[in-house]
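A short worksheet on the structure shown next.
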Amino acid sequence: MSVQKPSLPKGTRDFGPVQMARRNYILNTIKETFSLFGFQQIETPAMENLSTLTGKYGDEGDQLLFKILNSGDFLKNVEPSDLEKGTSAMLPKVSEKGLRYDLTVPFARYVVMNRNDITFPFKRYQIQPVWRADRPQRGRYREFYQCDADVVGTDSLVCELEILLMIKRVFSKLGITDYSIKINNRKILTGLSEVIGEKGREGELCVAIDKLDKIGWEKVQEELNQRGFGERSIELLSPIITLKADNHKKLDFLKGFLSSSETGLKGLQEIQEVIQLLETFGETQDHVDFDVVLARGLTYYTGAIFEVKVHNVSIGSVSGGGRYDNLTGVFGLEGVSGVGFSFGVDRIYDVMEELGLFPEQHADQTKVLITYFDKSGFDYGLRILNRLRQAGIASELYPDEAKIKKQFTYADKKQIPYVLILGDNEIKEKNVSLKNLISGEQEVLSVEEMISRVC
RNA sequence: GUGGUUGUAGCUCAGCUGGUUAGAGCGCUGGUUUGUGGCACCAGAGGUCGCCGGUUCGAACCCGGUCUCCCACCCCA
């Protein structure tokens with residue numbers, strides 16, 4: 001009988017009481033915000049048919065999917081010759097389900113399957129774990145929660161505005177002040193590639209440009225060079241890279257720069273309108289940063305793209321999203337435009353921890369512990385416990401007959417502020433001794449007095 | 001997937017060029033106080049030195065493999 005050492009799969013975590021209290025604090029702030037903006041919650045299964053998931057995230061994404069082995073004899077459809085055909089040929093024969101990789105694709109599936117019951121525009125939010133077979137590191141987990149809010153069935157830029165507003169509200173509530181919401185538009189990137197004479201290569205352009213913050217302009221030039229971008233194209237890009245100005249000045253500059261690209265100008269106009277809406281709504285542009293070189297990997301974004309970065313922390317982006325014109329197309333429903341974004345709770349948690357932003361005392365707290373010496377104290381305590389709970393006071397009775405010292409230590413460890421001591425005197429006089437463990441004061445009170453004291 | 005790094009008590013870590021019974025702090029249990037926590041003092045429990053193999057008279061220490069952790073790249077929340 002060997003005892004095995006327990007362990008957790010790579011990249012997964014347990015959450016203890018303190019962590020849960022803090023996570024719930026973040027989650028509740030987000031939920032409350034979504035709901036205030038008129039979003040409705042849905043949930044979808046942890047697992048989806050593999051065919052729903054594959055091909056939606058690019059080749060790399062497919063590799064990062066967790067696949068679920070078929071139940072029963074998963075080799076029953078496999079011929080010896082299949083083995084030689086390689087992994088991708090084998091996979092559909094042994095696995096038909098996978099864990100969801102994000103919440104957007106399951107949502108698209110949901111919309112298509114429920115199209116007749118949904119009233120468009122449909123504003124939904126969804127808070128559930130997703131799984132990625134990534135290699136874990138700081139701020140990167142294999143199981144983590146996403147908090148998505150999406151609107152489908154409208155092109156209105158009010159949706160983009162609301163995303164900005166929700167991000168600002170959540171961060172303000174959580175006490176995160178030093179951050180920026182980077183906003184850009186895919187059409188601007190398309191325009192950019194047209195203007196520099198590399199039409200249709202905005203994807204590659206984005207991948208390279210995206211590293212600007214990390215590796216600098218010099219290295220980005222090298223990478224563009226390696227990817228076969230012409231000297232002249234890179235040179236033309238230069239004024240964009242070095243562009244440092246406020247949002248309005250950037251817009252003005254780009255109107256000239258992108259004047260030959262119809263698509264680019266359209267993107268510019270969209271950004272401008274969003275900023276305009278922000279002003280009309282009566283909100284400042286604080287934290288909102290039009291970033292011409294912001295590029296996001298996901299292939300399906302077609303309009304606005306967002307990313308939120310908290311400054312002075314070692315965590316990547318804590319939120320991101322954008323507009324997609326035809327997300328449901330692959331599932332047979334054309335012409336449904338949507339825009340959405342996602343908060344990464346786990347990363348927000350890490351950020352708040354790093355910045356020391358969690359309020360004290362955020363574990364779920366018992367307010368009163370009832371201690372006693374013997375069976376009669378236990379019985380008396382049980383009745384008082386009932387009274388306390390009816391008064392809505394989080395309270396507990398020490399479950400075992402133990403030395404009073406041990407019961408006190410328990411209260412101390414759990415940071416319970418009040419202790420009731422029930423001995424023969426208290427039982428006889430029908431009162432209680434109430435000790436405040438923070439101040440150390442102790443007094444004898446009637447049950448009613450005690451309840452009003454600890455309320 | 002590529003490269004690098006780490007692993008010793010519940011936790012954070014010491015442990016000399018390989019040399020007897022592997023240490024500290026914190027935590028834990030008990031006591032000083034059988035009606036009182038935190039603080040102090042005293043005592044005690046707790047380790048297959050990640051795992052497997054090799055070198056050696058002798059390995060926590062050297063070598064190989066493996067797993068794990070963390071970091072960078074890729075990509076992302």
Side-chain angles (χ1 to χ4, degrees), chain A residues 2-13 26 30 57-65 87 100-104 127-148 167 206-208 210-211 214-215 219 223 295-299 305-310 314-322 340-351 369 371-374 377 398 401-427 432-444:
Chain A
S2 70
V3 179
Q4 65 164 353
K5 204 175 178 181
S7 64
L8 240 32
K10 198 197 276 262
T12 66
R13 297 140 312 144
I26 298 172
I30 293 172
Y57 311 105
D59 291 343
E60 295 229 9
D62 283 358
Q63 294 210 313
L64 297 178
L65 284 173
T87 317
R100 71 166 100 77
Y101 177 88
D102 70 1
L103 300 178
T104 310
I127 299 177
Q128 289 188 274
V130 304
W131 294 269
R132 295 182 185 179
D134 220 344
R135 191 173 284 212
Q137 52 184 278
R138 180 157 179 74
R140 168 173 301 192
Y141 308 99
R142 287 182 139 180
E143 177 184 66
F144 62 97
Y145 274 70
Q146 288 194 330
C147 307
D148 272 35
I167 293 171
C206 289
V207 173
D210 202 29
K211 297 176 191 162
K214 261 187 197 165
I215 61 177
K219 298 265 182 186
E223 179 159 346
R296 305 201 77 239
L298 285 177
T299 45
I305 44 186
F306 306 95
E307 188 160 291
V308 181
K309 180 87 183 75
V310 179
S314 56
I315 313 283
S317 67
V318 294
S319 177
F341 78 111
S342 182
F343 285 114
V345 210
D346 306 83
R347 285 191 174 176
I348 292 175
Y349 185 104
D350 290 345
V351 162
L369 176 74
T371 71
Y372 55 92
F373 299 92
D374 52 26
Y398 196 83
E401 257 181 52
K403 284 182 192 163
I404 219 73
K405 178 189 170 84
K406 192 166 181 183
Q407 302 184 51
F408 265 71
T409 305
Y410 174 79
D412 193 47
K413 286 275 158 61
K414 264 189 98 168
Q415 295 187 42
I416 297 171
Y418 292 104
V419 169
L420 291 187
I421 305 124
L422 307 178
D424 292 341
N425 292 339
E426 287 85 356
I427 297 170
V432 299
S433 289
L434 173 70
K435 178 155 183 175
N436 180 331
L437 288 192
I438 296 155
S439 66
E441 285 165 21
Q442 182 169 333
E443 51 193 332
V444 178

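Letters go in sequence order (proteins before strands), and every chain restarts at 1.
The same atom, C1', is picked in B/C70 and in B/G7; the two are 11 Å apart, to the nearest Å. Across B/C51 and B/A9, the matching P atoms stand 10 Å from one another, rounded to whole Å. B/A22 and B/G46 are spaced 13 Å apart, taking the P atom of each and rounding to whole Å. Between the P atoms of B/C57 and B/A43, the separation comes to 43 Å (whole Å). B/U8 and B/G54 are spaced 24 Å apart, taking the P atom of each and rounding to whole Å. Here, B/U12 and B/G53 have their C1' atoms 31 Å apart, quoted to the whole Å. Comparing the same atom, C1', in B/A14 and in B/G58 gives a spacing of 23 Å after rounding to whole Å. Across B/G15 and B/G23, the matching C1' atoms stand 7 Å from one another, rounded to whole Å.
Side-chain contact between A/L437 and A/P417: absent, with no pair of heavy atoms (C-beta onward) separated by less than 4.5 Å. Residues A/I421 and A/F373 meet the side-chain proximity criterion, which asks for heavy atoms closer than 4.5 Å. Side-chain atoms of A/D102 and A/R132, non-hydrogen and from C-beta on, do get closer than 4.5 Å to each other. Taking 4.5 Å as the limit, some side-chain heavy atom of A/I167 sits within range of a side-chain heavy atom of A/F343.
Near RNA chain B, defined here as any heavy-atom distance below 4.0 Å, the residues from residues 132-141 of chain A are A/R132, A/D134, A/R135, A/Q137, A/R138, A/G139, A/R140, A/Y141, listed numerically.
For the pair A/Y101 OH and B/C75 P, the interatomic distance rounds to 11 Å; values are reported in whole Å. Straight-line distance from the CG atom of A/L65 to the C1' atom of B/G1: 15 Å, rounded to whole Å. B/C28 atom P lies 15 Å from atom OH of A/Y410, rounded to whole Å. For the pair A/I315 CD1 and B/C70 P, the computed distance is 13 Å after rounding to whole Å. If you take OH of A/Y418 and P of B/G38, they are 20 Å apart, rounded to a whole angstrom. Between the CZ atom of A/F306 and the P atom of B/A77 there is a distance of 14 Å, given to the nearest Å. In this structure, NZ of A/K10 is placed 12 Å from P of B/C71, rounded to the nearest angstrom. Atom CZ in A/F408 sits about 16 Å away from atom C1' in B/C39, given to the nearest Å.
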Could you please spell out the steps behind the side-chain contact (heavy atoms from CB on, under 4.5 Å) verdict for A/R13 and A/D346?
CA-CA 11 Å; A/R13 297 140 312 144; A/D346 306 83; 2.6 Å; yes
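Here B/G30 is the nucleotide among B/G30, B/G37, B/A77 with the atom lying nearest to any side-chain atom of A/K406.
Where A/L64 and A/P9 meet RNA chain B, the nucleotide closest to each residue was compared, and A/P9 sits on the side nearer the 5' end. Comparing A/D346 and A/K413 along RNA chain B, the residue whose closest nucleotide (by nearest heavy atom) sits nearer the 5' end is A/K413.
Here the side chain of A/R142 pairs no donor or acceptor atom with the backbone of A/T12 at under 3.5 angstrom. The closest donor-acceptor contact from the side chain of A/R100 to the backbone of A/P129 lies under 3.5 Å. The backbone N or O of A/I315 lies less than 3.5 Å from a partner atom in the side chain of A/K309, making a donor-acceptor pair.
Taking each heavy atom of A/Y398 and A/Q407 in turn, the nearest pair found is CB-OE1, 3.4 Å. Taking every heavy atom of both residues into account, A/S342 and A/Q146 meet most closely at OG-CB, 3.5 Å.
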Produce the list of close N/O pairs, under 3.5 Å, pairing protein atoms with atoms of nucleotides 31-35 of chain B; give distances to one decimal.
from  : atom 1 : to     : atom 2 : distance (Å)
B/G31 : OP1    : A/K403 : NZ     : 2.4
B/G35 : O6     : A/E426 : OE1    : 3.4
B/G35 : N1     : A/E426 : OE1    : 3.1
B/G35 : N1     : A/E426 : OE2    : 3.1
B/G35 : N2     : A/E426 : OE2    : 2.9

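Residue A/L369 is classed as having no contact, given no heavy-atom separation below 4.0 Å to the nucleic acid. A/G440 comes within 4.0 angstrom of a nucleotide base, judged by non-hydrogen atoms across all strands.
A 3.5 Å limit on both hydrogen-bonding distances identifies B/U32 as the Watson-Crick or G-U partner of B/A40. Nucleotide B/U2 has B/A72 as its partner under the Watson-Crick or G-U criteria, with both atom distances under 3.5 Å. Of all nucleotides present, only B/U12 satisfies the Watson-Crick or G-U wobble test against B/A24, with each distance under 3.5 Å.
Ring pair A/Y57/A/Y101 is tilted by interplanar angle, where 30° to 60° counts as tilted.
Stacking annotation: A/F144 is stacked on the base of B/A77 (ring centroids less than 5.5 angstrom apart, interplanar angle below 30 degrees).
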